[in-house]
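Count residues from 1 along the sequence.
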Amino acid sequence: MPTLLQLPTGKAVSVRTAADLFLGSPGNPNTVRNYGIAVGKTAERLGEGRPLASVADDEIGEALELLWGRSAVNTWNARRGAVLSWTGWCAERGYDGPAVPVWAKRLPPPDSDTPVRSKLAIDRLVARRDIHLRQKTLWRMLYETSARSEEVLEVNIEDLDLAGRRCPVKAKGAQPKVRRGGAREDYVLETVYWDAGTARLLKGRTRGPVFVTHRRPGPGKVVSPRDVCPDTGRARLSYGQARALLDEQTAVRGPGTGWDLHEYRHSGLTHLGEAGASLLMLMAKSRHKKTENVRRYFKPSPEAIASLLAPGDSRR
């Protein structure tokens, strides 16, 4: 008679045990190998010896962001999908544990139709009195700089040239100055520029990250000195937290249905193009190296296209 294995249930399951049980369930070795990367690294990041029930949903999202937040869209979606399968598998078997938070959502493929928000919609959102100054500043800065969200979130107040309305950022794919660059200053930086809207909102603290959380990092959480405000002790706002805040204020059909941070980059470049900026100027603003890449961001509205008609033509 075969020996029966008594599986642990409920709160007795550790993160590592839950991961091992899940990875031992698929029959396809390719599936195990692919899932093993995502689930294994996530479990390690969370703390393998912790009870699964002690892990919060946001901790799953933050682990995904730390591990693959800068990866290609397809890599992010694959790793997120594997962790989503893991947490769903645990829930189906009655193990108390977390779920992937709604703000850590699947990203659209690079060639998909990312929405472009109108200037009026962006202005109305930033003008709302119920929204904190931090979010207003971030959203206006993303729109006016047409920069990537990760680039802006990494900026410190000391980096800002307030008079010149510009600051250096570590761009996607930045080249290291030395063979093994690690710190931000070890990479070739690029410059982003903003307008009066952002300039009016940039005020308050004088050092540390421009965008910080409302709370100090928890005990035991290791944070580099650059990522903590020396005056308040608050940590840098993460991409996942920023995305969750935007979704919270713009969702109309429940969590996960709101705007995405990347839409500000699409919207900013599109509105500049509609205003007459040349392709070369759009490339300088977006810092794209290839024309076909920046063309994907320029999506003029039907109204902008119609306005190109000569006055005589519009009356025909």
Side-chain angles (χ1 to χ4, degrees), residues 69-74 76 107-126 136-155 159-175 184 187-202 210-211 239 242-243 246 250 259-310:
R70 297 178 179 276
S71 301
V73 170
N74 291 337
W76 162 267
L107 297 178
D111 294 334
S112 65
D113 190 19
T114 300
V116 169
R117 305 296 174 177
S118 68
K119 291 182 181 179
L120 180 60
I122 293 172
D123 289 341
R124 283 180 173 175
L125 182 62
V126 174
K136 292 183 178 185
T137 306
L138 174 61
W139 300 341
R140 178 62 70 182
M141 196 171 188
L142 289 174
Y143 172 69
E144 292 187 353
T145 61
S146 297
R148 299 175 182 88
S149 307
E150 302 92 332
E151 297 170 346
V152 171
L153 288 169
E154 276 195 355
V155 172
D159 304 326
L160 302 176
D161 177 358
L162 296 176
R165 297 180 181 177
R166 68 189 70 183
C167 71
V169 298
K170 179 185 172 185
K172 179 180 179 181
Q175 297 298 314
R184 181 176 183 271
Y187 288 85
V188 177
L189 304 179
E190 299 177 356
T191 303
V192 298
Y193 303 82
W194 58 84
D195 206 343
T198 300
R200 284 193 295 268
L201 297 172
L202 283 172
V210 177
F211 304 103
Y239 178 81
R243 186 164 58 182
L246 178 59
T250 56
W259 296 14
D260 190 85
L261 292 170
H262 199 54
E263 294 173 17
Y264 285 108
R265 183 164 162 85
H266 282 259
S267 302
L269 292 172
T270 292
H271 296 159
L272 287 173
E274 290 177 343
S278 67
L279 180 59
L280 290 177
M281 287 300 294
L282 291 179
M283 291 179 66
K285 181 72 172 178
S286 67
R287 293 163 289 118
H288 281 116
K289 302 300 186 293
K290 297 180 180 179
T291 56
E292 58 266 27
N293 290 337
V294 74
R295 282 191 180 116
R296 284 199 286 252
Y297 285 78
F298 182 39
K299 304 168 185 175
S301 65
E303 294 75 18
I305 297 173
S307 67
L308 295 175
L309 294 173

Mark yes or no for whether [X], through its side chain, and [Y], through its backbone, hold a donor-acceptor pair below 3.5 Å.
| X | Y | result |
| --- | --- | --- |
| S267 | R117 | yes |
| R243 | W259 | no |
| E154 | E151 | no |
| K285 | Y193 | yes |
| D260 | H262 | yes |
| T198 | W194 | no |

From CA spacing to verdict: side-chain contact (heavy atoms from CB on, under 4.5 Å), V192, R287: CA-CA 9 Å; V192 298; R287 293 163 289 118; 3.5 Å; yes
Got a second to check how far [X]'s [atom1] is from [Y]'s [atom2], nearest 0.5 Å?
| X | Y | atom1 | atom2 | value |
| --- | --- | --- | --- | --- |
| L160 | C167 | CG | SG | 5.5 Å |
| L280 | T291 | CG | OG1 | 9.5 Å |
| Y264 | T145 | OH | OG1 | 11.5 Å |
| E144 | L272 | CD | CG | 10.0 Å |

Within the structure provided, determine whether [X] and [Y] are in side-chain contact (heavy-atom separation under 4.5 Å).
| X | Y | result |
| --- | --- | --- |
| V169 | V152 | no |
| L269 | V116 | no |
| M141 | F211 | yes |
| Y143 | K119 | yes |
| R265 | S286 | yes |
| L162 | L202 | yes |
| V126 | T137 | no |
| W139 | L125 | yes |

Geometric class of the H288/Y297 ring pair [parallel <30°, tilted 30-60°, perpendicular >60°]: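 Ring orientation of Y297 relative to H288: tilted.
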Atom of A277, atom of M281 and distance for their closest heavy-atom approach: CB-CB, 4.4 Å
Test side chain to side chain contact (heavy atoms under 4.5 Å, CB included) applied to K290 - qualifying residues, sequence neighbours left out: E292, N293
Residue list, side chain to side chain contact (heavy atoms under 4.5 Å, CB included) with S149, at least two apart or on another chain: L142, Y239, L261
side-chain contact (heavy atoms from CB on, under 4.5 Å) evaluation trace for R165 with D195: CA-CA 7 Å; R165 297 180 181 177; D195 206 343; 3.5 Å; yes
Donor on one side chain, acceptor on other, E263 and T114, under 3.5 Å: no
Steps toward salt bridge (Lys or Arg N to Asp or Glu O under 4.0 Å) verdict (E190, K289): CA-CA 13 Å; E190 299 177 356; K289 302 300 186 293; 3.5 Å; yes
Listed partners of E274 passing salt bridge (Lys or Arg N to Asp or Glu O under 4.0 Å), at least two apart: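 If we apply the salt bridge (Lys or Arg N to Asp or Glu O under 4.0 Å) test to E274, skipping adjacent residues, there are no hits.
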